[in-house]
There are 2 protein chains.
Amino acid sequence: MNIRLIRSYLLDLYKLGAGEKMIKAPTTELANFLGVSQQSVSRILNKLHTQDYIYKELRNRVLWIRITEKGLMEIEDYIKYVNDVYVNPGRFVFEGYVSTGLGEGAYYMSRKQYVTQFESILGFKPYPGTLNVRLKNPFYIYQNRLLRRLNGYKIKGFRTKERVFGDVKAFKAIINDRIDGAVIYAERSIYGFDMLEVIAPEYLRGFFKLKDGDKIKVVIYLNME
Amino acid sequence: MNIRLIRSYLLDLYKLGAGEKMIKAPTTELANFLGVSQQSVSRILNKLHTQDYIYKELRNRVLWIRITEKGLMEIEDYIKYVNDVYVNPGRFVFEGYVSTGLGEGAYYMSRKQYVTQFESILGFKPYPGTLNVRLKNPFYIYQNRLLRRLNGYKIKGFRTKERVFGDVKAFKAIINDRIDGAVIYAERSIYGFDMLEVIAPEYLRGFFKLKDGDKIKVVIYLNME
DNA sequence: ATTACTAGGGAGCGAGTAT
DNA sequence: TATACTCGCTCCCTAGTAA
């Protein structure tokens, strides 16, 4: 079942109180509330149950349901997303923690072919290194996944006689509300969705006196205009 | 197109900033963001456009879009609903304004066949009359529409030799945080979704010293347990 | 490059109905 | 009364491809 529909139905069940306790959920009655047929309610509840979003049991031939932990997490993430949509259209706010990467960043960011493109496309000459920001909040990880799907500014890869350097995607960003930089996604990143790679014209660790584990805020602005 | 999907897609477009201005929306790029194929984006945007949820225009063969007033209203209602879901599971909060109905309420509420049922099912003997509460906020109207679909407590209709009295549906409610009463929905109500009919053991206009236009709060608790 | 048409498959839907 | 099966229909999706 489509995740968009799953969220929508889970939300309605939550409204009925199924997030807190077992509730009586006769399919005929839910049909009215959800705006679908009794048969569809039956099918929907069974799918939600199969996919572990709700508990479900028959008591005296009547259904009782309750949303599972997995279902609650899905709802909470979604609610956060919805609110953030409203507060920050066109903006993606992240908070994460300074982290030491594998040192690759410096190597990449000092390649002349990349540097000249960053300079002309983003408008600044990046400091030769990246700041790794680890995301812990599942919502930020979700957002990062979304964002990574967008195209952003494209920095073309190239090849030397030693090896191939892949394409890089960049989004303009503001770090700690002060420095204009960017978040980059290497085509074949070694990091998962819980890591942001940030570049800037300054040495960020120096500028903000950062050490590992320090909290940092990164706001990405989309360039869809 | 399914309203659940419409909301979901509109929300994502809003996140990209399409609620505030025309944004460049190449279908290939949106495909990544929405998690569907380029072809689906084309189809989805066309449907949203046909149904007046977005503006859409081609500039140099690239799509630009913006969410319409209708789309924005849909989003706002939905966001309110989502937040309210989280804050008030199992509870439906309404705020409306005291209004004079057509005087039918008193006639109905003094039928003995109704009164005895109300007394045994809801646990109080209703004052012979209903308080009409007019809803103005579109969100409350939306909520009322949702609620009217649920079954609630069923009060059976009856017939006299003069005429037929239809079924009535009731939900327990608390009025102005003080009086335990109920909201009733007559099977063939003469009112639209912008009106709540409230009953209580007391004469509410007297108890709260209400006059037409006074604000009043009604909280409905679902009985799905 | 784009957008968007077509066709085929599959998911979601409700009516009828078995239990 | 309930729930949930089958079945046919519609809607939604993607791949291929035209413009």
Side-chain angles (χ1 to χ4, degrees), chain A residues 1-13 16 18 22-51 53-66 149-154 156 167 224-225, chain B residues 1-13 16 18 22-51 53-66 149-154 156 167 169 223-225:
Chain A
M1 190 158 148
N2 187 323
I3 186 66
R4 292 174 190 271
L5 289 181
I6 288 176
R7 283 175 178 160
S8 182
Y9 287 125
L10 278 180
L11 210 61
D12 284 355
L13 297 178
L16 294 176
M22 292 297 280
I23 62 164
K24 197 176 167 184
T27 51
T28 39
E29 184 158 354
L30 276 189
N32 290 317
F33 185 64
L34 299 178
V36 295
S37 70
Q38 175 272 322
Q39 293 87 341
S40 289
V41 173
S42 176
R43 178 176 41 78
I44 289 163
L45 292 184
N46 280 325
K47 287 211 175 156
L48 291 177
H49 178 58
T50 308
Q51 293 177 55
Y53 289 111
I54 61 169
Y55 305 111
K56 179 166 160 293
E57 86 189 44
L58 271 174
R59 296 183 190 167
N60 296 324
R61 298 191 176 168
V62 176
L63 272 179
W64 288 65
I65 61 167
R66 176 174 186 162
R149 288 175 149 168
L150 283 177
N151 288 337
Y153 293 105
K154 190 171 176 184
K156 288 209 191 75
D167 289 347
M224 304 200 75
E225 54 184 327
Chain B
M1 190 157 146
N2 187 324
I3 186 66
R4 293 174 189 272
L5 290 181
I6 289 177
R7 285 173 177 160
S8 182
Y9 289 126
L10 277 180
L11 210 62
D12 284 354
L13 296 178
L16 293 177
M22 292 297 279
I23 61 164
K24 196 175 167 185
T27 52
T28 39
E29 184 158 353
L30 276 189
N32 289 318
F33 185 64
L34 299 177
V36 294
S37 69
Q38 175 272 321
Q39 294 87 340
S40 288
V41 173
S42 176
R43 178 176 42 78
I44 289 162
L45 292 183
N46 280 325
K47 287 210 175 158
L48 290 177
H49 178 57
T50 308
Q51 293 176 57
Y53 288 110
I54 61 169
Y55 305 110
K56 180 166 160 292
E57 87 187 44
L58 272 173
R59 297 184 190 166
N60 295 324
R61 297 189 176 169
V62 175
L63 272 179
W64 289 65
I65 61 167
R66 175 175 186 162
R149 288 174 149 170
L150 281 177
N151 287 337
Y153 295 104
K154 190 172 177 181
K156 289 207 191 76
D167 289 347
K169 204 161 69 180
N223 52 301
M224 305 202 74
E225 54 183 328

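The analysis underlying the following values was restricted to heavy atoms, covering all of them including side chains, and did not include hydrogens, waters or symmetry mates. A note on names: the letters A, B, ... follow the listed sequences, proteins ahead of strands, and every chain is numbered from 1.
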Taking all atoms of both residues into account, what is the closest heavy-atom pair of [X] and [Y], and its distance?
{"X": "A/L45", "Y": "A/K56", "result": "O-CD, 3.9 Å"}
{"X": "A/V36", "Y": "A/Y9", "result": "CG1-OH, 3.9 Å"}
{"X": "B/A31", "Y": "B/Q38", "result": "CB-N, 3.6 Å"}
{"X": "A/A25", "Y": "A/I65", "result": "CB-CG1, 3.8 Å"}

From the list [options], which nucleotide is the closest neighbour of the side chain of [X]?
{"X": "B/M1", "options": "C/dA4, D/dC12, D/dC5", "result": "D/dC12"}
{"X": "B/N2", "options": "C/dC13, D/dT3, C/dT2", "result": "C/dC13"}
{"X": "B/S37", "options": "C/dC13, C/dT3, D/dT14", "result": "D/dT14"}
{"X": "B/S40", "options": "D/dC12, D/dT14, C/dG12", "result": "D/dT14"}
{"X": "A/R43", "options": "D/dA15, C/dC13, C/dG14", "result": "C/dC13"}
{"X": "A/S42", "options": "D/dT14, D/dC13, D/dA4", "result": "D/dA4"}

For [X] and [N], what is the distance between atoms [atom1] and [atom2] respectively, to the nearest whole Å?
{"X": "B/N46", "N": "C/dT3", "atom1": "CG", "atom2": "C1'", "value": "9 Å"}
{"X": "A/K47", "N": "D/dC5", "atom1": "NZ", "atom2": "P", "value": "12 Å"}
{"X": "A/L63", "N": "D/dA4", "atom1": "CG", "atom2": "P", "value": "5 Å"}
{"X": "A/Y9", "N": "C/dA11", "atom1": "OH", "atom2": "P", "value": "16 Å"}
{"X": "B/L30", "N": "C/dT2", "atom1": "CG", "atom2": "C1'", "value": "13 Å"}
{"X": "A/I6", "N": "C/dG12", "atom1": "CD1", "atom2": "P", "value": "8 Å"}
{"X": "B/R61", "N": "C/dT3", "atom1": "CZ", "atom2": "P", "value": "11 Å"}
{"X": "A/K24", "N": "D/dT1", "atom1": "NZ", "atom2": "P", "value": "14 Å"}

Requested in this report: Report yes or no: is there a donor-acceptor pair, N or O only, under 3.5 Å between the side chain of A/Q38 and the base of C/dG14?
Outcome: no
Query raised in the report: Considering residues, nucleotides and ligands other than A/R61, do more than 12 of their heavy atoms fall under 6.0 Å from its CZ?
Result: no
Report summary line: By nearest-heavy-atom nucleotide on DNA chain D, the more 5' of B/V36 and A/Q39 is A/Q39
